[in-house]
Amino acid sequence: MQEQEAKAYFSKELLAWYRVQKRDLPWRRSRDPYHIWVSEVMLQQTRVETVKPYFKRFVTLFPTVDALAKAPEEKVLKAWEGLGYYSRARNLQSAAREVSERYGGTVPDTKERFSELKGVGPYTAGAVMSIAFNRREPAVDGNVMRVLSRYFCIEEDVAKGGTRAMMERLQYELIPEGEASDFNQAIMELGALVCTPKSPHCLTCPVMERCAGRLEGKEESLPIKTKAKPPRPEYRACALVVSEDGGSVLLRKRPATGLLADMWELPHVEFAAMGWPAAMADAAVGDALAGWLGAELGPEASGAVRPAEPVGVAEHTFSHIHWNLRVHRLTAATAESAPLQEPYRWVDRAGMEVHPLPNVFVRLLKAEGFIPA
DNA sequence: AAAGCGGGGCC
DNA sequence: GGCCCAGCTTT
């Protein structure tokens, strides 16, 4: 049957190509399932080049499951700072604690057990089980969806759950006996290096001859995916409060759930939540922000917060929200005269090392000279 | 099934 | 400036 031949051809040629072309990546130098696991979590929605330095630093700081389990959460988040999707880090540490307690620090080697851990979904479970233990499990990510939808000319919407399940069955059939680790890495490698989202390099593709999408002239239009909604705008006033001696800045810790959970940030507030007009002039924003922050900090500090000057506008786009931050420098009484209560804290330059900040605030503090560029 | 959840690279 | 990406969790 022709389809069986197309499958056997795909598996054989892809594996041969991978043996020659595979990249030397930091996590491929380790056989430690924990290291493979860390790399797979970091690689969720994140490019290889971005992950490389984070991975090296992370496994140096936390070389074993037990080391990660014992570490303070702030240190883990700090090691993740700038990578985004911070729940990945918190879930990974939670899972490490589970493995440490229930399995004595040994990573489970079955998909059933491993999948019970926090932050481990179908992709990560399949990836770690196949790559680290050579188990025959599919691991369908964006690369695999793209490669399979093109090679087999699958025109179903890859955002649908049913399509994903079909891809998993297909990938499972394609895995040659005893070759799950290399084959799964090979198909992802092809997606990363050759079968790229835009302008795929078909002429150097090891399976071009029998690629149905290519033969139909659809390699650029596959995979078919429904578009994401545009992010909704949020207009916010943001306070850059530097202490009187210039050595500290006022930060606050975010709640343990939701956007940027457990991260630190400059205090800010949404215009709409305060009933402020979005088109408010700078002077009015400074006054309103000072009044709001004074109330936030409590009676002792109230009235001690005063507007200084507008700094400018910082913008930051998340996958679902677009922040427009009107940043103002403010002055405030410092620790001695007005003790702060949580979640607020004065943090000096050295203290920045233990306070994980989202990138938008790191950039802001660098631009204002508080963090060295 | 849809929405929430970051950030950077690429065209 | 828009689009895309080595996903998981919650609702």
Side-chain angles (χ1 to χ4, degrees), chain A residues 22-23 25-28 36-55 77 80-92 94-95 114-128 130-131 138-148 157-165 167-168 171 184-193 195-200 220-232 234 254-263 265 315-323 356-363:
Chain A
K22 68 188 250 186
R23 288 171 290 179
L25 303 175
W27 44 92
R28 286 188 180 154
I36 310 289
W37 178 16
V38 169
S39 76
E40 287 302 335
V41 174
M42 286 187 171
L43 287 164
Q44 290 166 11
Q45 310 288 290
T46 312
R47 310 180 103 80
V48 165
E49 289 308 314
T50 305
V51 166
K52 278 181 182 174
Y54 281 94
F55 173 81
L77 279 177
W80 210 272
E81 184 184 86
L83 257 188
Y85 285 132
Y86 299 97
S87 65
R88 293 184 295 174
R90 298 188 307 126
N91 287 337
L92 181 59
S94 168
F114 189 67
S115 295
E116 293 171 4
L117 301 168
K118 281 268 190 1
V120 176
Y123 166 74
T124 306
V128 174
S130 61
I131 295 173
V140 174
D141 65 355
N143 278 323
V144 174
M145 294 266 219
R146 190 169 58 252
V147 170
L148 294 183
D157 185 348
V158 295
K160 301 261 191 244
T163 307
R164 179 201 183 78
M167 297 273 184
E168 287 181 340
Q171 189 187 3
N184 282 359
Q185 292 183 78
I187 190 168
M188 291 189 264
E189 194 84 336
L190 189 75
L193 298 180
C195 198
T196 45
K198 300 204 169 158
S199 313
E220 294 270 13
S221 58
L222 291 171
I224 291 168
K225 190 190 300 187
T226 52
K227 289 193 180 75
K229 289 199 318 186
R232 68 174 186 273
E234 279 186 8
R254 294 184 59 91
T257 58
L259 185 69
L260 303 169
D262 280 346
M263 302 285 285
E265 65 182 1
E315 303 207 54
H316 190 66
T317 307
F318 303 91
S319 42
H320 56 307
I321 304 172
H322 178 84
W323 274 357
L357 293 159
N359 253 11
V360 56
F361 298 110
V362 171
R363 280 197 298 267

**Asked** Rounding to a whole Å, what distance do you find between A/Arg254:CZ and B/dG4:C1'?
**Response** 13 Å
**Request:** In whole angstrom, give the distance that lies between atom OH of A/Tyr86 and atom C1' of B/dG7.
**Result:** 7 Å
**Asked** Nearest nucleotide by nearest heavy atom, which residue falls closer to the 5' end of DNA chain B, A/Tyr54 or A/His320?
**Response** A/His320
**Request:** Whole angstrom is fine here: how far is it from CG in A/Leu260 over to P in B/dC5?
**Result:** 9 Å
**Asked** If you look at every strand shown and take non-hydrogen atoms under 4.0 Å, does A/Arg363 touch a base, only sugar-phosphate, or nothing?
**Response** sugar-phosphate
**Request:** Describe the nucleic acid contact of A/Leu83 in one word from base, sugar-phosphate, nothing, applying a heavy-atom distance below 4.0 Å.
**Result:** base
**Message:** When the C1' atoms of B/dG6 and C/dC3 are compared, how many Å lie between them, rounded to an integer?
**Reply:** 16 Å
**Message:** Using heavy-atom distances to pick each residue's nearest nucleotide on DNA chain B, tell me which of A/Ser199 and A/Leu259 is more 5'.
**Reply:** A/Leu259
**Asked** So, A/Thr124 and A/Arg88: side-chain donor and acceptor under 3.5 Å apart, yes or no?
**Response** no
**Message:** With a 4.0 Å cutoff (strictly under), does any side-chain N or O of A/His316 reach OP1 or OP2 of B/dG6?
**Reply:** no
**Request:** Let me see the working for A/Glu189 and A/Lys22 under salt bridge (Lys or Arg N to Asp or Glu O under 4.0 Å), right down to the final yes or no.
**Result:** CA-CA 7 Å; A/Glu189 194 84 336; A/Lys22 68 188 250 186; over 6 Å; no
**Prompt:** Partners of A/Pro200 by side chain to side chain contact (heavy atoms under 4.5 Å, CB included), sequence neighbours excluded?
**Reply:** A/Arg150, A/Thr196, A/Cys202, A/Glu219, A/Glu220
**Asked** Starting at NZ of A/Lys52 and ending at P of B/dG7, how long is that distance when rounded to a whole Å?
**Response** 22 Å
**Message:** Quick one, A/Thr50 and A/Leu83 - any side-chain contact, counting heavy atoms below 4.5 Å?
**Reply:** yes
**Message:** Using a 4.0 Å heavy-atom cut-off to protein, can you give one letter per nucleotide of nucleotides 4-9 of chain C, 5' to 3': B if the base is in contact, S if only the sugar-phosphate is, - if neither?
**Reply:** SBBBSS
**Request:** First locate atom CG of A/Leu43, then atom CH2 of A/Trp27, and finally report the distance between them rounded to the nearest 0.5 Å.
**Result:** 5.0 Å
**Message:** Expressed as a whole number of angstroms, how long is the span from A/Ile321:CD1 to B/dA3:P?
**Reply:** 14 Å
**C1' atoms of B/dA3 and C/dA6, separation to the nearest Å** = 22 Å
**Request:** Whole angstrom is fine here: how far is it from CD in A/Glu315 over to C1' in B/dG6?
**Result:** 16 Å
**Request:** Can you spot which of A/Leu259, A/Leu260, A/Asp262 makes a side-chain contact (heavy atoms from CB on, under 4.5 Å) with A/Tyr86?
**Result:** A/Leu260
**Request:** Could you pull out all residues at least two apart from A/Glu265 that satisfy salt bridge (Lys or Arg N to Asp or Glu O under 4.0 Å)?
**Result:** A/Arg252, A/Arg254
